[in-house]
Trainee: 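One structure follows; several queries about it will come next.
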Amino acid sequence: MQVDDIDLVKKIQQRKKALGRELIILTHHYQRSDVVDLGDYAGDSFSLSQTAASDQNARYIVFCGVHFMAESAAILAQPGQTVQTPDPAAGCWMSDMADPYIVKKAWEKIMAIAGENHVTPMAYMNSEAAIKALCGRHDGIVCTSSNAAAAFAWALERREKIFFLPDEHLGRNTADRLGIPEEAMILWDPYKPLGGNTEAGIKKAVVILWKGHCLVHTRFTVGHIREKRRAFPDAEVVTHPECTRSVIRESDAVGSTSFIVNYTQNAAPGSTIVIGTEINLIRRLAAEHPDKTIVPLYDSLCPNMARINLDNLLTVLENPGRLNVVTVDDTVKKEARGALDNMLSLKA
Ligand code: SF4
């Protein structure tokens with residue numbers, strides 16, 4: 001650590017001490033280690049938001065992650081809690097691929113063809129609050145990468161079709177897992193008329209997948225897996241469900257960020273694990289488990305997550321409840337909350 005960074009760490013620790021239990025710093029698994037080390041909780045976006053909202057003492061929630069995560073925390077926050085982000089420009093490419101206005105237009109077209117009450121909208125957590133609100137307005141649901149299969153089952157018990165967004169890969173991999181045949185899935189490309197489909201195709205489809213993806217997780221290829229298997233013949237390969245279907249099929253285990261953390265923790269000492277997810281998490285897991293060989297499938301960094309640093313973290317801590325406050329319109333919050341509540345009703 002550089003001299004300047006040591007100074008920043010000291011100042012952040014002083015601010016934490018001064019604010020005491022009124023402050024909670026949440027750090028997503030993909031944050032840099034120096035940021036995670038200063039946080040109160042590390043985890044995935046939803047578990048962090050829940051943790052903060054259930055803390056009766058926390059007035060100031062500082063979310064070290066990307067914007068949709070801080071927005072989710074603001075939706076779940078109790079009255080009197082403020083959510084701040086160290087950098088409001090820390091967005092998410094995947095979330096940006098589903099513009100709320102364009103999604104609303106697509107939804108109206110799908111409804112006009114498939115008929116009212118035949119489609120359930122389902123938003124991955126990695127989406128703007130307005131997208132979650134659209135789901136809430138139409139009896140839809142939000143899901144995470146941990147509970148996507150349960151959310152699909154919930155939706156298909158109610159209506160015969162799912163409109164899933166914004167990650168086509170999580171949607172496709174979940175549908176595969178549930179045995180939904182390929183011919184029952186269509187892709188909705190927002191830049192083509194009818195999403196690039198025919199009316200007959202939309203009527204026949206069970207799953208309509210929004211054409212969006214995570215650039216961090218779609219960098220991994222089958223070639224990377226084969227290369228690592230040659231170098232580490234005894235390794236287990238574990239990947240995230242935002243990866244492409246071909247990568248998922250070549251993996252030994254697939255699961256959410258929390259699944260990958262638990263998988264690594266539970267692996268026997270001496271084992272070798274090749275991991276396909278964001279590089280900061282892999283580096284931290286390698287440092288925390290020196291008794292195991294942890295190998296990145298490929299170095300894939302999320303530059304959006306990397307916008308959060310000691311400098312901008314200190315700046316928000318010097319302005320508690322004032323700077324970079326993340327707010328969500330009350331109507332949007334209420335409707336998005338409905339879709340989140342449907343997710344919370346899912347059986348584990
Ligand atoms: Fe978005 Fe992908 Fe970065 Fe996650 S890793 S914040 S989905 S761009």
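Below, all heavy atoms of this structure are taken into account, side chains as well, without hydrogens, waters or symmetry copies. Quick caveat, the model's predicted, so the values are computed rather than measured. Order of listing sets the numbers, starting from 1, for every ligand and every atom in it.
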Trainee: Identify the closest protein heavy atom to atom 7 (S) of ligand 1: which residue and atom is it, and at what distance?
Mentor: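 Going by distance alone, atom 7 (S) of ligand 1 is nearest to Asn126 ND2, 3.4 Å.
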Trainee: Taking all heavy atoms of Val274 and all of Ala235, pick out the closest pair and write down the distance.
Mentor: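 That closest heavy-atom pairing would be CG2-CB, 3.8 Å.
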Trainee: Should Leu313 and Leu323 be regarded as members of a common hydrophobic cluster, given that ILVMFWY residues are connected when their side-chain heavy atoms come within less than 4.5 Å of each other, either directly or indirectly?
Mentor: yes
Trainee: Only heavy atoms count here, so choose which of Gly65, Ser145, Ser127, Cys214 is nearest to atom 2 (Fe) of ligand 1.
Mentor: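 Looking at heavy atoms only, the winner is Cys214.
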Trainee: May I ask you to list the atoms of ligand 1 that are less than 4.0 angstrom from any heavy atom of Val216?
Mentor: 5 (S)
Trainee: May I ask you to decide if Ile25's main-chain N or O and Asp40's side chain share a donor-acceptor pair within less than 3.5 Å?
Mentor: yes
Trainee: Is it true that atom OH of Tyr263 has more than 12 heavy atoms of other residues, nucleotides or ligands lying nearer than 6.0 Å?
Mentor: yes
Trainee: Can you tell me the protein heavy atom closest to atom 1 (Fe) of ligand 1 and the distance?
Mentor: Cys92 SG, 2.4 Å
Trainee: Tell me, which protein residue and heavy-atom name are nearest atom 3 (Fe) of ligand 1, and how many Å apart are they?
Mentor: Cys302 SG, 2.4 Å
Trainee: Leu215 near ligand 1, heavy-atom distance under 4.0 Å?
Mentor: no
Trainee: Of all heavy-atom pairs between Val325 and Arg322, which one has the smallest distance, and what is that distance?
Mentor: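 Reported closest heavy-atom pair: CG2-O, 3.5 Å.
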